[in-house]
Amino acid sequence: MNRFTGFVKKEFLHIIRDKRTMLILFGIPIVQILLFGYVLTNEIKDANIAILDHSKDETTARITNKLLSSGYFRLQSTIESEQEIEDLLRSGKARLVIIFESNFKKSMIRDGTARMQIIADASDPNTANMLVSYANAIVADFSRGLMVGQALPIKVDQQVRMLYNEELKGVFMFVPGTMALILMLLSAMMTSISIAREKEQGTMEILLVSPLRPVQIVLGKVTPYIGMAFINALVIIALGVLVFGMPVRGSLILLMAESFLFICMALSLGIFISTMANSQQVAMFISVFALLLPTMLLSGFIFPVENMHWILQGISHIIPAKYYIIIVKNIMIKGAGFLFVWKETLVLVGMMALLLLASVKKFKTRLE
Amino acid sequence: MNTQTDNKPIIAVRNLVKKFGSFTANDHLTFDVHKGEIFGFLGANGAGKTTAIRILCGLSAPTSGELTVAGFDVYKNADQIKKNIGYMSQKFSLYDDMTVWENIRFYAGIYRMRRKDIREKTADLLKKLDLEPVRDKLIAGLSVGWKQKLAFSIAIFHSPAIVFLDEPTGGVDPVTRRQFWEMIYEAASNGITVFVTTHYMDEAEYCDRVCIMTEGKIIAMNTPSKLKEEYDTDSMDEVFRKLARNVET
Amino acid sequence: MEIVIDTVSKAYGNTQALDEVSMSVSRGELFGLIGPDGAGKTTLMRILTSLLLPDKGRAELAGLDSRKDFKALRNILGYMPGRFSLYQDLSVEENLTFFASIFGEKFDPDFYLIRDIYAQLAPFKKRLAGRLSGGMKQKLALCCALIHKPRILILDEPTTGVDAVSRKEFWDMLSQLRQEQITTLVSTPYMDEAVRCDRVALIQAGKIMDINTPAGVVDSFKPELYSIATPHIYQTLLALKEYNDTYSVYPFGQVIHFIPTDASVSPHKVQDYLTKKGIEAVSITPALPNIEDCFMELMQDEHTNG
């Protein structure tokens with residue numbers, strides 16, 4: 001039998017025989033994406049708001065109505081004075097307070113603009129940000145409705161990144177992030193652990209003493225994981241589309257090609273880690289601290305990069321998942337083509353080349 | 001090194017059975033060990049030696065059978081048993097990142113020895129083992145032989161009635177191995193019963209009496225010289241091979 | 001010479017694992033490396049298999065330098081590392097197929113080198129390697145090391161932790177391989193296995209103390225050796241340790257081995273001394289030394305001379 005196919009076959013047997021590996025490979029991605037998706041939608045649905053309406057006219061009533069019927073907000077109370085606001089927010093009874101200026105409808109008709117204010121409890125900035133965006137979008141939608149009939153816009157400050165996500169589903173944000181996280185973990189962690197396992201069990205000693213070249217050993221270990229990770233990417237996209245109604249506006253082929261690139265990049269990272277780790281435990285440790293946490297926290301997956309301290313922003317530039325998330329969002333949500341993501345693609349290719357080069361340099365043909 | 005005495009046995013085991021699921025690790029073991037005896041428990045890896053020793057030490061509960069150790073019932077008085085035995089296992093039971101003196105103090109503390117006793121006995125021990133110069137050195141820096149001797153000394157530091165040694169002498173040089181056996185003889189002559197497991201058949205020759213196990217069963221029990229006589233050979237290795245052949249057929 | 005080791009030294013930090021070791025093994029020889037844990041056996045074998053580089057000195061196997069020609073060397077070596085190093089989650093058959101494939105070969109159960117050994121494994125060919133008994137694991141490991149018809153076989157403690165029956169069977173297999181002109185270097189901590197080798201090197205603390213045939217090692221044992229049988233082993237040991245004419249005394253299984261300071265010390269004299277000490281029922285007879293006695297004697301020499 002060919003040396004390489006023999007090696008790959010052996011590797012598949014390891015994966016299939018180990019229930020834990022199988023669970024990590026196929027159980028965790030599905031659970032994680034469903035969990036993230038549902039937790040997020042629930043949180044947005046039940047947000048309590050308070051309304052301070054100085055105007056109490058027909059327009060404010062309609063806006064209020066639209067907000068409350070959106071399904072994202074629930075009216076906690078209607079209040080009468082500014083003094084009550086702080087108390088409501090501090091006690092956590094309301095997460096958002098919406099204030100209409102007096103004579104709202106009148107000034108809208110007279111000046112073409114009327115002012116409303118949104119005050120959010122920003123102790124959880126992420127949710128606050130999201131709620132404000134939701135409220136903004138709903139009001140903007142309302143004003144567009146007015147424009148059609150009366151050409152009287154309400155001035156609303158709207159954020160650009162909401163532009164392509166009119167329905168404002170948080171899950172759209174989480175699918176690309178989860179994909180990045182899972183592909184990163186699977187590819188990098190599983191390869192680094194499986195190479196470290198050979199060292200720990202002493203089998204690496206026999207492989208080294210055999211005529212196999214280091215490149216053959218590494219490729220043989222990595223190949224099955226490319227396939228597994230690719231299947232996972234498909235499963236996650238399918239879940240996003242079928243369960244959460246996420247669109248794929250751009251080219252599916254481009255999306256898969258970019259995912260393949262990211263998987264290969266992550267595998268190179270895994271190989272690089274394994275050159276440093278001599279035991280599964282160390283490989284796991286490095287993977288969690290060097291991959292899992294930064295990918296979750298610094299890639300823009302959970303916290304927007306632009307809100308971070310400048311040091312963390314700097315670090316985020318070397319987090320591969322950041323570029324992949326941008327690529328996926330652009331392709332899936334904005335429907336962008338390769339011309340819009342070539343820079344990020346280039347960064348990933350560069351990272352991969354660098355890691356592979358470093359790994360080959362560091363891979364030892366001897367024991368020390 | 002007492003030979004048979006009329007006293008009550010210090011370890012009495014009747015029909016000990018231990019099952020893990022459908023696998024029977026110990027299959028109706030019955031034996032006695034007497035005070036001051038060096039009792040060898042022999043068998044290949046996986047024969048059930050470690051399982052049996054864990055049960056006798058109160059670390060694991062038997063599936064069935066009657067057992068008393070140092071006069072206590074293993075079902076009811078496992079805690080009392082633990083106070084009256086010493087234990088040294090395959091892997092050194094010393095902390096590599098603690099000094100010689102810290103290890104001794106730690107183990108003495110477990111058995112609630114008095115401060116004054118600890119100080120006196122530690123001084124004696126360090127002197128006897130020639131370890132005084134390294135009392136404040138980390139265990140990690142000691143040679144295998146020293147670790148072994150220190151681990152044994154610590155296992156009998158609280159003067160237990162019985163000391164259990166699980167594969168204590170694997171792979172050390174022949175001189176160190178003999179020094180170790182001399183320590184075991186000394187403990188036995190002080191009235192401590194020594195229960196030792198090993199897969200080195202030639203180690204069996206140092207025991208007063210041995211019990212040979214394969215696949216969870218006792219297949220022979222006697223003094224080494226009687227066994228060699230019975231199987232008409234001059235090595236315990238050969239005794240084991242002949243026994244194994246009998247079991248197969 | 002098939003294997004030539006020339007003043008090889010290797011240190012790990014402050015520990016000198018090998019100290020100017022030199023030896024050579026001829027083609028087809030079954031050569032034993034005998035010594036306790038930590039003597040340097042594994043380090044030496046790893047240097048020979050090109051897994052480690054020596055700090056000083058050089059090793060040559062089948063004319064290939066272990067440093068420069070390591071790629072060519074790895075094609076002709078069969079190696080069994082110290083602990084069981086096969087894939088425990090693969091079956092017997094899968095392990096063999098895999099190890100054959102990395103040498104670009106097909107696994108053939110009838111291949112003459114492994115046929116006899118594999119016959120014993122065949123009933124368990126579907127069983128996972130991790131579920132085999134100790135003896136079976138070693139046989140499988142040997143099969144895997146032989147599958148590509150190596151010219152030189154290096155086995156690191158293949159019989160450690162294996163029961164007496166399997167140990168004997170394993171050595172029988174090695175004896176058979178000798179007829180196939182495969183040079184075999186095998187290490188063991190069991191002194192009694194030395195007799196199964198053509199020649200042995202006794203190694204202790206990174207130094208080779210003696211290289212000889214097993215019979216030659218025993219023949220070179222000079223001092224008088226007595227075996228003392230007594231029911232009071234410990235008391236006798238203590239008494240003899242204080243005795244003026246004792247060169248060395250140590251327990252040896254059921255008896256005590258005693259070497260007097262010089263040949264003129266008669267058994268009677270020793271007996272009288274023991275009687276005076278109150279130890280009766282003692283029989284003292286001249287004994288033939290075995291490898292273990294020789295090893296200890298050499299250790300004592302090293303100690304006094306070095």
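Just so we're on the same page: letters track the sequence lines, and every chain starts at 1.
- When all heavy atoms of C:Arg46 and A:Glu205 are compared, the pair lying nearest together is NH2-OE1, 3.0 Å.
- Within a 6.0 Å sphere centred on CE of A:Met284, heavy atoms belonging to other residues, nucleotides or ligands number 12 at most.
- Considering only heavy-atom pairs separated by less than 4.5 Å from chain A, the leading option among C:Phe107, C:Phe98, C:Phe70 is C:Phe98.
- For A:Ile311, the CD1 atom sits in a packed shell: over 12 heavy atoms of surrounding residues, nucleotides or ligands are nearer than 6.0 Å.
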Problem - side-chain contact (heavy atoms from CB on, under 4.5 Å) assessment of A:Phe7 paired with C:Ser101 - result: CA-CA 8 Å; A:Phe7 206 112; C:Ser101 80; over 6 Å; no
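- Of the listed residues C:Leu128, C:Asn95, C:Leu90, C:Asn75, the one with more heavy-atom pairs under 4.5 angstrom with chain A than any other is C:Leu90.
- By the neighbour-count criterion of 12 heavy atoms within 6.0 Å, atom CZ of A:Phe260 is sparsely surrounded, having that number or fewer from other residues, nucleotides or ligands.
- Enclosure of atom CD in C:Glu180 by more than 12 non-hydrogen atoms of other residues, nucleotides or ligands within 6.0 angstrom is indicated.
- For a residue to count as touching a neighbouring chain, one of its non-hydrogen atoms must lie under 4.5 Å from one of that chain's; by this rule A:Glu11 does not touch chain C.
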Practice task
Evaluate the side-chain contact (heavy atoms from CB on, under 4.5 Å) criterion for residues A:Leu13 and C:Asp89: first the C-alpha distance (whole Å), next the side-chain angles of each, then the deciding distance (0.1 Å), finally the verdict.
Solution key: CA-CA 8 Å; A:Leu13 288 174; C:Asp89 55 343; over 6 Å; no
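- In summary, A:Arg17 and C:Glu94 engage in a salt bridge, as defined by a charged side-chain N under 4.0 Å from a carboxylate O.
- No more than 12 heavy atoms of other residues, nucleotides or ligands sit less than 6.0 Å from atom CZ of A:Phe285.
- Atom CD of A:Gln216 is separated from atom CD1 of C:Ile102 by 10.0 Å, given to the nearest 0.5 angstrom.
- Contact record, C:Arg74 with A:Val209: CB-O, 3.0 Å, taken as the closest heavy-atom pair.
- Using cut-offs of 30° and 60° on the angle between ring planes, the pair C:Tyr87 and A:His14 is tilted.
- Heavy-atom minimum distance, C:Tyr79 versus A:Ile206: O-CD1, 4.3 Å.
- Nearest heavy atoms, C:Pro81 versus A:Gly202: CG-O, 4.3 Å.
- Within 6.0 Å of CZ in A:Arg213 there are 12 or fewer heavy atoms belonging to other residues, nucleotides or ligands.
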